[in-house]
Trainee: 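One structure follows; several queries about it will come next.
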Amino acid sequence: MVFLRLILAFLIYNLSVFCSVPIYSDSSKISKEFLDIAKSPEIFDWMVSIRRKIHENPELGYEEFETSKLIRAELDKMGIKYRYPVAVTGIVGYIGSGEAPFVALRADMDALPMQELVEWEHKSKTRGKMHACGHDGHVAMLLGAARILQEHRQSLMGTIVLVFQPAEEGGGGASKILDSGILENVKGIFGLHVSSDLPIGKVSSRSGPLLAANGFFEAVISGKGGHAAIPHHSIDPILAASNIIVSLQHLVSREADPLDSQVVTVAKFQGGSAFNVIPDSVVIGGSFRTFSKETFAHLKQRIEEVIIGQAAVQRCNATVNFLEKDFCPPTVNDEALHKHFQNVAGDLLGISNVEDMKPLMGSEDFSVYQEAIPGYYYILGMKNETKGKFPSPHSPYFEINEDAFPFGAALQASLTASYLLEIQSENPQVKDDYHEEL
Ligand SMILES: *[C@@H]1O[C@H](CO)[C@@H](O)[C@H](O)[C@H]1NC(C)=O
Ligand SMILES: *[C@@H]1O[C@H](CO)[C@@H](O)[C@H](O)[C@H]1NC(C)=O
């Protein structure tokens with residue numbers, strides 16, 4: 001049996017060496033064909049209608065029940081098998097041979113707790129909730145990619161795994177999916193985000209660190225309340241908190257390597273309710289960001305030391321709480337996948353439309369997958385000035401230019417289909433692991 005498999009592996013290896021030329025010249029044809037399909041009115045209008053339905057009914061992290069139901073109904077119609085529930089509302093679908101290698105695509109499903117201020121036919125029907133970060137579009141494009149891939153399932157050299165993830169905007173959706181073990185044998189994972197700044201028809205990304213690690217902290221500064229007219233009978237937590245905030249700003253300006261970008265922002269300051277009363281305590285909170293795990297751990301430790309030390313200087317006590325479940329590692333793109341992305345996106349859009357991106361201090365929980373699986377995250381342009389200005393994500397006026405959907409759907413489909421080809425031609429023995437299952 002072992003011997004037979006060796007002969008088989010040898011045959012496949014030689015075959016793939018001889019076939020490698022046609023396979024590679026094929027993959028540019030694949031991309032173009034996929035883009036034509038994605039642009040066809042049938043697929044385009046369908047993606048738009050899905051996105052608008054999701055937009056009308058935004059759901060927050062781990063509450064994406066209707067969104068999840070809609071996705072499953074579409075997967076059922078296409079005959080795509082899936083597992084549900086994964087991470088409460090998440091869905092993981094499978095297209096192709098059902099065998100290794102496995103390559104994954106991820107879309108996030110959750111909305112934000114904010115009121116939509118755009119007046120249009122498909123405005124959010126739920127007060128105080130809105131898809132203001134494009135996740136409705138990300139889902140529509142992943143379904144678009146799924147439809148293209150399902151039409152080509154016979155020619156896929158392995159299995160494409162569709163990850164519909166809950167709770168990207170805090171809540172640790174990616175960790176929950178990963179912890180379920182469902183992505184154990186996945187060899188690569190791709191994700192995208194729409195951008196209001198990048199022109200439509202363009203994409204951008206980079207190899208290595210792309211987005212920052214993000215952590216949150218909250219501290220209670222306790223003093224002793226009293227009358228504003230007799231401060232010497234009180235211990236003033238307002239002044240202590242003010243000094244703490246100033247000291248925290250020295251962490252980046254005086255302690256950080258200027259070439260290792262970091263941010264500390266205090267975004268919350270709550271204390272006191274009267275003009276003439278010194279309160280008992282103050283609550284402050286904020287976010288800190290870095291591009292490496294080591295710097296992150298160091299900054300976290302210094303934030304705690306500065307808060308407690310500076311509170312003591314002012315005779316106050318402080319407790320610091322880090323909201324670890326919402327921590328997010330840096331988004332670091334795999335170098336080999338970057339080359340693959342440049343080839344595929346170059347074929348699909350023209351190489352002049354594949355831009356190098358500067359790292360951003362924003363963060364994204366896609367990074368959690370990248371700690372376990374080689375991953376690649378990129379930005380999809382949707383700016384079209386003749387259509388007007390598209391405000392940035394998390395604005396109550398945020399809008400999506402749906403014209404970008406065919407590019408996103410075709411790219412996601414091409415990236416994975418051609419990556420399966422690449423894995424098979426470089427590592428024909430992978431085929432030998434046919435018993436490997438997710
Ligand atoms: C700080 O904590 C110490 C020890 O628990 C306590 O004795 C002191 O009264 C506290 N000070 C304030 C301002 O809360
Ligand atoms: C930009 O918007 C205009 C006006 O709607 C449209 O005619 C044009 O095709 C759009 N361009 C792209 C690349 O989508």
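In listed order, ligands and their atoms are each counted from 1.
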Trainee: On the ring face of Tyr84, is Arg72 found with NZ or CZ under 6.0 Å from the centre and within 45° of the axis?
Mentor: yes
Trainee: Under 4.0 Å from ligand 1, counting heavy atoms only, is it the side chain of Lys224, its backbone, both or neither?
Mentor: neither
Trainee: Take atom 9 (O) of ligand 1 and look for protein heavy atoms under 4.0 Å from it; say yes if you find one, no if not.
Mentor: no
Trainee: So which protein heavy atom does atom 3 (C) of ligand 2 come closest to, and at what separation?
Mentor: Thr386 OG1, 3.2 Å
Trainee: Taking NZ, NE, NH1 and NH2 as the nitrogens, is one of them in Glu402 or Arg52 under 4.0 Å from a carboxylate oxygen of the other?
Mentor: yes
Trainee: How are the rings of Phe190 and Tyr419 set relative to one another: parallel (under 30°), tilted (30 to 60°) or perpendicular (over 60°)?
Mentor: perpendicular
Trainee: Using a 4.0 Å cutoff against the non-hydrogen atoms of Arg315, which atoms of ligand 1 qualify?
Mentor: 13 (C)
Trainee: Can you tell me which residue and heavy atom of the protein come closest to atom 13 (C) of ligand 2, and the distance to 0.1 Å?
Mentor: Ile200 CG2, 3.6 Å
Trainee: Which residue owns the protein heavy atom closest to atom 1 (C) of ligand 2, what's the atom, and how far is it?
Mentor: Asn384 ND2, 1.5 Å
Trainee: N/O to N/O below 3.5 Å, does that happen between Lys387 and ligand 2?
Mentor: no
Trainee: Between His131 and Phe398, does the ring centre distance come in under 6.0 Å?
Mentor: no
Trainee: What class does the angle between the rings of Phe366 and Tyr377 fall in, given that below 30° is parallel, 30 to 60° is tilted and above 60° is perpendicular?
Mentor: tilted
